[in-house]
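The chains referred to below are lettered A, B, ... by the order of the sequence lines, with proteins before strands, and numbering in each begins at 1.
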There are 2 protein chains.
Amino acid sequence: MQEVQNEKHADAGLRQRKRAATHARIQAEAMRLFLANGFEPTTLDEVAAAAGVSRRTLLNYFGSKEEIVFSTKADFPRWVADAVAARPADEPMLDMVENALFDLADRHRSQEARAVAALIAATPSLRAGDQAKYEAVERLLALTLAARKGLPDDDVACRVVAGATVSIIKQSMDAWLANPDLPPETFGRKAFAALRRVAG
Amino acid sequence: MQEVQNEKHADAGLRQRKRAATHARIQAEAMRLFLANGFEPTTLDEVAAAAGVSRRTLLNYFGSKEEIVFSTKADFPRWVADAVAARPADEPMLDMVENALFDLADRHRSQEARAVAALIAATPSLRAGDQAKYEAVERLLALTLAARKGLPDDDVACRVVAGATVSIIKQSMDAWLANPDLPPETFGRKAFAALRRVAG
DNA sequence: TTGCATATCTGCATCCGGTGCAAATATGCA
DNA sequence: TGCATATTTGCACCGGATGCAGATATGCAA
């Protein structure tokens, strides 16, 4: 049995420690196989075998095959929201999201994140699920903007800015995938500039 | 082989006529069952039986269960593009999409369209697929705007306007579903006004 | 009309993801 | 140590999806 030393939460008991370790092991082995052989061709039986658990247990940890992939991006909505919440409250709304995105951009430059993004882009069912996840990003971003600006939760300006921003995020990712050399903020800068120009 | 039959007789050949009829019958029966009993609880065997074909034939007509639902909205991207292409070319870009959307809005007021939208919204897998379909709307809308304005296909302003517009479309649909009494353009009008205000 | 080429329909076997259930096993704790 | 409970596992089963091969229907030309 592989004992994994946890740094902080280790004292929560053997059960939770093993559980966290198994969760991480399944995710790691799954992503390794998905990236090596593709998402659809890889079966849950193969992943379960590689992780040393039964298929039934795997599906106990992750509700579906897709959720294994999406769990690697699970806290992305919170990252966006936190980046916005960290901006000064008197900043104009568009500046707020634009600057927040570039404060955040560093986290998405890793090769690993790029490989996962490429996997999602290349797999139709994952691409669909990913689009759906951005819905949550958009909603949380709108709420965060409203809170930061002291506006009602359903403020239309916040919602439309959130929508435009998420679209820019998605297109920036696509541009980054299509052209790895260009830094991901290239498209974003141009997009926000164009948005101001076109609406002004 | 391509038949170069005269277009006056719309039904060129028994084969194509039967094929179209079967296609329509499957779609109609499927939607009837989906709307009555829900998407997931309805099995393809039930649909096939109701349409009087084998399950294998059904899956020959529609590549997947979801595609039966999405085929009812298949030409929505084209509707949007056509509505934009019909606007005067010298209209400012934001006015162009805003007015195009309201020229188009009448088509989506039908009770049937609303029921389908509600079904999609209530079914996670359909909702994910629906989001993915809006990707195509956004891309085509950006291309159409660029063509209308004589700009290059990948013009950033067109793409960002298309992104904001699609977000407004989606939110308008949600608002319409949440509040059937309000006309669907209520949110859209406010959203475009807010977009101008926030970016100007 | 007949007969052939081909499009279409169908049943069948098979795969895979996902769920419910109950027995077996491991852990926490008194 | 022994019991309550959390976790793992195997098993049976469901439903969607694919490949294949034989049966059936249609188009067309002789």
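Residues from residues 38-49 of chain A placing a heavy atom under 4.0 Å of any atom in DNA chain C, listed by number, are Thr42(A), Thr43(A), Leu44(A). Only at 4.0 angstrom or more do the heavy atoms of residues 28-36 of chain A sit from any atom of DNA chain C, so none qualifies.
We find that Glu112(A) and Lys73(A) are not joined by a salt bridge, their nearest charged nitrogen and carboxylate oxygen being 4.0 Å or further apart.
Partners of Ser71(A) under the side chain to side chain donor-acceptor pair (under 3.5 Å) rule, at least two apart in sequence or in another chain, are Gln27(A). With sequence neighbours left out, the side chain to side chain donor-acceptor pair (under 3.5 Å) criterion links Asn99(A) to Glu91(A). Shown here are the ring pair (Phe, Tyr, Trp, His ring centres under 6.0 Å) partners of Tyr134(B), two or more places apart in sequence or in another chain: there are none. Judged as a ring pair (Phe, Tyr, Trp, His ring centres under 6.0 Å), and not counting sequence neighbours, Phe70(B) has no contacts.
The partner of dA26(C) is dT5(D), judged by Watson-Crick or G-U wobble contacts that both fall below 3.5 Å.
Between Thr57(B) and dC9(C) there is no side-chain polar atom (N or O) within less than 4.0 angstrom of OP1 or OP2. Contact between the side-chain N/O atoms of Lys18(A) and the OP1/OP2 oxygens of dA26(C) is not found at any separation under 4.0 Å.
In this structure, the side chain of Lys65(A) does not engage the main chain of Leu59(A) through any donor-acceptor pair within 3.5 Å.
Both Arg15(B) and Gly52(B) lie close to DNA chain C; mapped to their nearest nucleotides by heavy-atom distance, the more 5′-ward contact belongs to Arg15(B). Positionally, the nearest nucleotide of DNA chain D for Tyr61(A) lies more toward the 5' end than for the other of Tyr61(A) and Lys65(B).
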Residues 45-53 of chain B, side-chain donor-acceptor partners within the protein, below 3.5 Å, at least two apart:
from: Glu46(B); atom 1: OE1; to: Thr43(B); atom 2: N; distance (Å): 3.0

Under 3.5 Å, side-chain donor or acceptor atoms of residues 185-193 of chain A against the rest of the protein: list the pairs with distances, not counting sequence neighbours.
from: Glu185(A); atom 1: OE1; to: Arg109(A); atom 2: NH1; distance (Å): 3.1
from: Thr186(A); atom 1: OG1; to: Pro183(A); atom 2: O; distance (Å): 2.8
from: Arg189(A); atom 1: NH1; to: Glu98(A); atom 2: OE2; distance (Å): 3.4

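Residue Glu67(A) contributes atom CD, which lies 15 Å from atom P of dG17(C) at whole-angstrom precision. Put simply, CZ on Arg17(A) is 17 Å from P on dA26(C), counting in whole angstrom units. Rounded to an integer number of Å, the gap from Gln16(A) CD to dG28(C) P is 9 Å. Atom-to-atom, CZ of Arg19(B) to C1' of dT24(D) comes out at 15 Å; the value is rounded to the nearest Å. Regarding Phe62(A), its CZ atom lies at a distance of 13 Å from the P atom of dG18(C), rounded to whole Å.
Clustering of Ile, Leu, Val, Met, Phe, Trp and Tyr side chains at separations under 4.5 Å leaves Leu182(B) isolated, with no partner residue. Clustering of Ile, Leu, Val, Met, Phe, Trp and Tyr side chains at separations under 4.5 Å leaves Leu177(A) isolated, with no partner residue.
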Close N/O contacts between protein and nucleotides 19-23 of chain C (under 3.5 Å):
from: dG20(C); atom 1: N7; to: Arg56(A); atom 2: NH2; distance (Å): 2.9
from: dG20(C); atom 1: O6; to: Arg56(A); atom 2: NE; distance (Å): 2.6

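Counting only residues at least two apart or in different chains, ring pair (Phe, Tyr, Trp, His ring centres under 6.0 Å) contacts with residues 29-60 of chain B comprise Phe34(B)-Phe39(B).
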